[in-house]
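Before any comments, here is the structure.
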Amino acid sequence: MNGLTVVSSPERLAQVAADRVITLASHAMTRRGRFIMALSGGSTPRPTYRLLADRRRALIIDWSRVELFWGDERCVPPDHPDSNYRMVRRALLDRVGIPTHRVHRIAGELPPYQAAAAYRAELEAVLGEDGRFDVVLLGLGDDGHTASLFPGTAAVEERQQRVVAVYVEKMGAWRITLTLPVINNARHVIFLVSGERKAHVLARIWDGEQLPASLVQPVDGTLTWLVDRDAAAALPLQGQDV
Ligand code: 6PG
């Protein structure tokens with residue numbers, strides 16, 4: 001687990017994550033004139049998205065040059081309580097002026113394979129053939145999943161398609177997810193992990209267990225694990241708080 005940074009609290013995690021995203025966005029815009037990011041779903045990143053929308057930080061990023069994607073989506077309509085798009089819309093999009101054509105939500109309301117094909121095409125159109133995300137934000141499930149790459153699913157093994165539909169038995173639900181090839185082609189991958197509920201799975205990854213999240217190994221990019229103290233409780237390390 002390279003790039004491990006332990007922060008003192010969930011609040012500090014959100015601050016460090018938001019500031020890291022802003023720094024990387026500034027670099028991308030200077031070098032390439034735009035910033036392409038895939039957002040994590042779930043609950044952990046929501047405070048980070050809220051901070052990205054706060055006045056000081058929102059003025060630093062030129063949101064008109066940001067291309068926003070999602071790392072995964074539940075197959076539900078965009079106004080459904082489980083929708084990752086809805087979570088980001090309420091925490092971030094409703095508060096910053098990103099042009100709608102630069103917000104590339106996954107159409108969870110479509111049949112799964114159709115939603116995956118549509119998202120794949122949109123991703124291709126923006127990133128190009130071998131295009132790279134500047135940043136991919138990821139969460140960690142207590143079973144070691146990330147995005148919607150759940151243990152034992154074909155999505156974890158996918159090495160051709162950059163986007164797939166996957167039926168998750170344990171949830172009895174369909175998901176659309178980025179796959180490891182496109183995640184590992186990113187310039188920067190940042191895991192956000194918070195809370196004692198994640199301490200055991202984080203220790204399993206630290207010990208080298210090959211869980212889906214362990215397979216996130218950027219080919220030519222940086223990997224950062226931003227972890228709060230509760231989630232790091234079972235890791236054999238001292239200090240390193242920021
Ligand atoms: C999702 C996420 C998923 C999430 C983990 C952690 O759609 O739910 O993409 O991979 O990051 O399940 O979720 P929490 O942050 O809510 O613990």
Side-chain angles (χ1 to χ4, degrees), residues 7 9-11 13-14 16-18 21 37-51 68-92 104-109 112 115-116 119 123 133 135-153 155-156 158 162-180 182-184 186 189-202 204-205 211-216 223-233:
V7 296
S9 67
E11 295 73 22
L13 179 69
V16 172
V21 165
M37 175 163 63
L39 298 174
S40 170
S43 57
T44 302
R46 191 168 28 220
T48 298
Y49 302 153
R50 287 198 185 111
L51 287 183
L68 269 194
F69 289 81
W70 276 253
D72 72 324
E73 184 58 277
R74 295 81 180 274
C75 288
V76 294
D79 57 354
H80 189 283
D82 290 349
S83 165
N84 287 332
Y85 166 78
R86 178 177 180 270
M87 180 271 288
V88 173
R89 181 178 58 71
R90 290 157 63 105
L92 177 63
H104 309 285
R105 78 173 178 88
I106 302 171
E109 68 276 19
Y119 194 57
L123 194 135
F133 281 106
V135 170
V136 174
L137 295 182
L138 293 173
L140 177 66
D142 53 14
D143 61 356
H145 80 262
T146 189
S148 282
L149 303 172
F150 284 82
T153 64
V156 177
E158 177 61 45
R162 298 199 273 190
V163 179
V164 295
V166 52
Y167 184 73
V168 185
E169 288 290 342
K170 69 184 282 189
M171 296 180 155
W174 282 91
R175 296 278 189 100
I176 309 298
T177 187
L178 295 182
T179 57
L180 286 167
V182 68
I183 292 171
N184 285 333
V189 178
I190 305 172
F191 276 97
L192 306 181
V193 188
S194 173
E196 60 185 356
R197 192 168 61 86
K198 307 295 174 70
H200 179 59
V201 67
L202 210 51
R204 290 168 63 191
I205 293 171
L211 298 170
S214 318
L215 305 178
V216 174
L223 174 62
T224 304
W225 286 83
L226 270 184
V227 176
D228 71 11
R229 196 182 287 153
D230 287 345

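Counting convention: from 1, in listed order, for ligands and their atoms alike. One-based numbering along the sequence shown. Computed from a predicted structure; not experimentally measured.
Looking at atom 13 (O) of ligand 1, its nearest protein heavy atom turns out to be G42 CA, 4.0 Å. Ranking the protein heavy atoms by distance from atom 9 (O) of ligand 1 puts D72 OD1, 2.6 Å first. Of the protein's heavy atoms, H145 NE2, 3.4 Å lies nearest to atom 5 (C) of ligand 1. Protein heavy atom at the shortest distance from atom 8 (O) of ligand 1 is R74 NH2, 2.7 Å. Of all protein heavy atoms, the one lying nearest to atom 15 (O) of ligand 1 is T44 OG1, 2.6 Å. Scanning all protein heavy atoms for the shortest distance to atom 17 (O) of ligand 1 gives K198 NZ, 2.7 Å.
For D143, the side-chain contact (heavy atoms from CB on, under 4.5 Å) partners two or more places apart in sequence, or in a different chain, are H145, F150, P151, K170.
Applying the 6.0 Å contact sphere to NE2 of H200 captures no more than 12 heavy atoms from other residues, nucleotides or ligands. Shown here is E109, whose CD atom has more than 12 heavy atoms of other residues, nucleotides or ligands within 6.0 Å.
For A147, a nitrogen or oxygen atom sits less than 3.5 Å from a nitrogen or oxygen atom of ligand 1, counting backbone and side chain alike.
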### Task
With side-chain contact (heavy atoms from CB on, under 4.5 Å) as the test, would you mind laying out the steps for I176 and V164 before giving the verdict?
CA-CA 6 Å; I176 309 298; V164 295; over 6 Å; no
### Task
Evaluate the criterion side-chain contact (heavy atoms from CB on, under 4.5 Å) for residue pair F69 and L123; output intermediate values, then yes/no.
CA-CA 8 Å; F69 289 81; L123 194 135; 4.1 Å; yes
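Set against the non-hydrogen atoms of R197, the atoms of ligand 1 under 4.0 Å away are 17 (O). The ligand atoms of ligand 1 that sit less than 4.0 angstrom from a heavy atom of G139 are 11 (O). For ligand 1 and N84, the ligand atoms under 4.0 Å from any heavy atom of the residue are 1 (C), 7 (O).
Side-chain atoms of T177 and D72 include no donor-acceptor pair closer than 3.5 Å. Side-chain contact annotation: D228 with S9, donor-acceptor N/O pair under 3.5 Å absent.
Of the listed residues (L140, D143, T146), the one carrying the non-hydrogen atom nearest atom 6 (C) of ligand 1 is L140.
With a 4.0 Å heavy-atom cut-off, ligand 1 is reached by the side chain of S40 but not by its N, CA, C or O.
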List the atom pairs, donor and acceptor, that lie under 3.5 Å between side-chain atoms in residues 43-51 and the rest of the protein, sequence neighbours left out.
from: Y49; atom 1: OH; to: S40; atom 2: N; distance (Å): 2.9
from: Y49; atom 1: OH; to: S40; atom 2: O; distance (Å): 2.7

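Each of V189, I190, L202 was checked for a side-chain contact (heavy atoms from CB on, under 4.5 Å) with W225, and the lone residue meeting it is L202.
Assignment of E73 to the shell around ligand 1 is not supported, since no heavy atom sits closer than 4.0 Å.
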